[in-house]
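These notes concern the structure reproduced below.
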Amino acid sequence: MEQDELLQQLVDPKSPINIESLLDTITALVNDCKIPVLMRMKSVDNFISRYERVVESVAALRMKAADFRQLKVIGRGAFGEVHLVRHTRTNAVYAMKMLNKDDMIKRADSAFFWEERDIMAHANSEWIVRLQYAFQDPRHLYMVMEYMPGGDLVNLMTGYDVSEKWARFYTAEIVEALAALHTMGYIHRDVKPDNMLISISGHIKLADFGTCVKMNAQGVVRCSTAVGTPDYISPEVLRNQGQDAEFGKEVDWWSVGVFIYEMLVGETPFYAEALVSTYTNIMNHKTSLKFPDEPLISIQAKDIIKKFLSAAPERLGKNSVDEIRNHKFFKNDEWTFETLRDATPPIIPNLTSDDDTTNFEPLETRDRDNVGEFQLPKTFNGNQLPFIGFTYTNEYSPVNKILKGSAS
Ligand SMILES: CN(C)[C@H]1CCc2nc(NC(=O)c3cccc([C@H]4CCCN4C(=O)Nc4cccc(C#N)c4)c3)sc2C1
């Protein structure tokens, strides 16, 4: 019956009219209309006087930043920070990413976070950092994610000389993580050690999916903005800057080649002082890729690096992930790709507490919030509209329990 169909939509975490999205909608509408100049209009004024209190009471019942105690700043990106936080009601520790809505609106860049939210919410993969909750207020988006106390692989590479044995393990884990992401239909486009995080067990997970993009039915993506960090960016993405480029998931395999080289050599293969020289080296990778005499690198390691750092049509991984898994670089007597998750990782974080942040570089807190005082818009700009539907609570939230009860 249509009624049940509608009820199902209200409780479906993927439906654009689920309860969280509807509550986002009424909240966004009140916040975008609660502007003095707008409230001179009778219809707006009546709407605000009917719903302002309602929205305030709803906000008090929903998840909010005040439910979490900020412990440490553990990461920073273009539009926000990641904080280690403790959920006051449950005492659980999380990594909470906060993205600044003002920055996104000012730079007309308020859509990139959807892929990150959807991937982490629905991946259900041990290779991908999990999203517990997503919520928002008029100033920020918040993503409450599992805390990865081992830190990122940049931190590991600065702390240790990575042997081929270690490189083999971490590369295999990143191959499985990217295979999982590609299977979901996404290309990462910014694979680099900063986005590889170490869990409490010592195994790796992919994080930071802001540059991800969904492949079309042919498994390609058409888009011009060259995203990604210069050192790890593939030639085909670089070459087509500006024009409409077509590229596939093999762009991520290029970055894995850069990553293996960096673990074994200690620097990226195409690094140059000037950015433009790095680009030139990447475009001329056939001649610019060089291996130093020191440290000694095995034949099979050089071979897999060359096969990843090759032109897209013949790049390793272009046809299947198995052609990567079968490469002799991964041959060893401790694990196979099937038993990888049960293997003992090279480094297992030894932590003194659940909120131990020794594996993260200390970052000073930037009190930006007070600086750019939030100026009210002059008229209806619909500033909150791009963020409707962002709120996510995993299926165990009380709201869904009650609704599921009545829906089933
Ligand atoms: C140009 N447009 C189109 C967009 C292209 C993609 C994009 N991504 C952004 N991203 C950001 O603004 C941002 C904010 C905070 C942290 C981080 C990462 C970079 C540093 C650490 N980090 C991160 O996500 N860490 C993380 C994630 C998950 C768990 C844990 C833990 N423990 C830590 C990124 S802004 C932006 C603009």
Side-chain angles (χ1 to χ4, degrees), residues 68 70-87 92-121 123 125-134 139-156 177 181 186-214 221 223-230 232-233 237 241 349 351 354-363 365-366 368 386-387 390:
F68 297 88
Q70 313 267 347
L71 303 175
K72 271 272 176 53
V73 181
I74 57 172
R76 181 165 286 140
F79 287 173
E81 297 180 339
V82 180
H83 294 200
L84 181 69
V85 299
R86 190 180 292 280
H87 190 207
V93 162
Y94 296 104
M96 183 160 86
K97 182 181 279 193
M98 302 164 56
L99 296 174
N100 190 306
K101 287 181 175 178
D102 293 8
D103 291 346
M104 295 188 259
I105 288 160
K106 265 191 215 110
R107 297 188 220 169
D109 192 358
S110 56
F112 67 91
F113 47 80
W114 287 110
E115 282 76 20
E116 176 154 48
R117 173 209 182 273
D118 294 344
I119 289 168
M120 291 198 293
S125 160
E126 71 246 318
W127 301 110
I128 290 179
V129 168
R130 183 155 166 57
L131 180 74
Q132 296 299 337
Y133 312 104
R139 307 271 316 270
H140 295 98
L141 295 178
Y142 302 88
M143 285 182 263
V144 179
M145 309 168 287
E146 64 181 302
Y147 174 45
M148 303 290 283
D152 64 29
L153 279 188
V154 175
N155 183 54
L156 182 127
L181 188 70
Y186 291 93
I187 303 176
H188 193 285
R189 296 198 297 175
D190 196 17
V191 176
K192 55 185 180 181
D194 319 54
N195 296 336
M196 304 167 187
L197 301 179
I198 299 172
S199 67
I200 194 157
S201 65
H203 287 281
I204 296 287
K205 293 187 195 235
L206 265 186
D208 195 6
F209 302 96
T211 54
C212 287
V213 62
K214 199 118 172 113
V221 161
C223 82
S224 51
T225 47
V227 281
T229 310
Y232 302 85
I233 207 165
V237 172
Q241 260 205 58
L351 308 163
D354 64 350
D355 59 3
D356 181 333
T357 55
T358 38
N359 293 310
F360 288 90
E361 288 299 310
L363 288 162
T365 22
R366 199 165 44 181
R368 270 160 47 94
F387 309 108
F390 181 78

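Because only heavy atoms are used, hydrogens play no part in the values below, and waters and symmetry mates are left out as well, while side chains stay in. Indexing begins at 1, ligand by ligand and atom by atom, following the structure's order.
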- Can you list the atoms of ligand 1 that are under 4.0 Å from a heavy atom of D109? 1 (C), 2 (N), 3 (C), 4 (C), 37 (C)
- Could you say whether the N/O atoms of E146 and ligand 1 ever approach to under 3.5 Å? no
- Part of L99 with heavy atoms under 4.0 Å of ligand 1, whether side chain, backbone, both or neither: side chain
- Message: When you compare ligand 1 with R76, is there at least one nitrogen or oxygen pair between them that comes in under 3.5 angstrom?
- Response: no
- Task: Give a yes or no on this: more than 12 heavy atoms of other residues, nucleotides or ligands lie within 6.0 Å of atom CD1 of I200.
- Result: no
- Query: Side chain or backbone of L197 under 4.0 Å from ligand 1, or both, or neither, by non-hydrogen atoms?
  - Reply: side chain
- Message: Please list, in number order, the atoms of ligand 1 under 4.0 Å from a heavy atom of A78.
- Response: 11 (C), 12 (O), 35 (S)
- Sub-3.5 Å N/O-N/O distance, F79 and ligand 1: yes
- Just by modelled atom types, is the V93 backbone N or O under 3.5 Å from a matching donor or acceptor in the R86 side chain? no
- Show your working on ring-ring contact (aromatic ring centres under 6.0 Å, His included) between F113 and F79 and close with a plain yes or no. CA-CA 10 Å; F113 47 80; F79 287 173; 9.6 Å; no
- Message: Centroid separation under 6.0 Å, is that true for the rings of Y133 and Y142?
- Response: no
- Message: Could you tell me if K214 sits above the aromatic ring of Y186, with its cationic atom closer than 6.0 Å to the ring centre and no more than 45 degrees from the axis?
- Response: yes
- Distance filter under 4.0 Å to E81 heavy atoms, resulting ligand 1 atoms: 15 (C)
- How about Q70: does its CD atom have over 12 heavy atoms from other parts shown lying under 6.0 Å from it? yes
- Query: How would you list all residue pairs meeting salt bridge (charged side-chain N to carboxylate O under 4.0 Å, His left out) that involve residues 141-153, not counting sequence neighbours?
  - Reply: E146-K205
- Query: Under 3.5 Å, side chain of N155 to main-chain N/O of N359, donor-acceptor pair present?
  - Reply: yes
- Query: Does any N/O atom on M148 come nearer than 3.5 Å to any N/O atom on ligand 1?
  - Reply: yes
- Is A207 in polar range of ligand 1, meaning some N or O pair under 3.5 Å apart? no
- Message: Under a 4.0 angstrom heavy-atom cut-off, which atoms of ligand 1 come close to D208?
- Response: 18 (C), 19 (C), 24 (O)
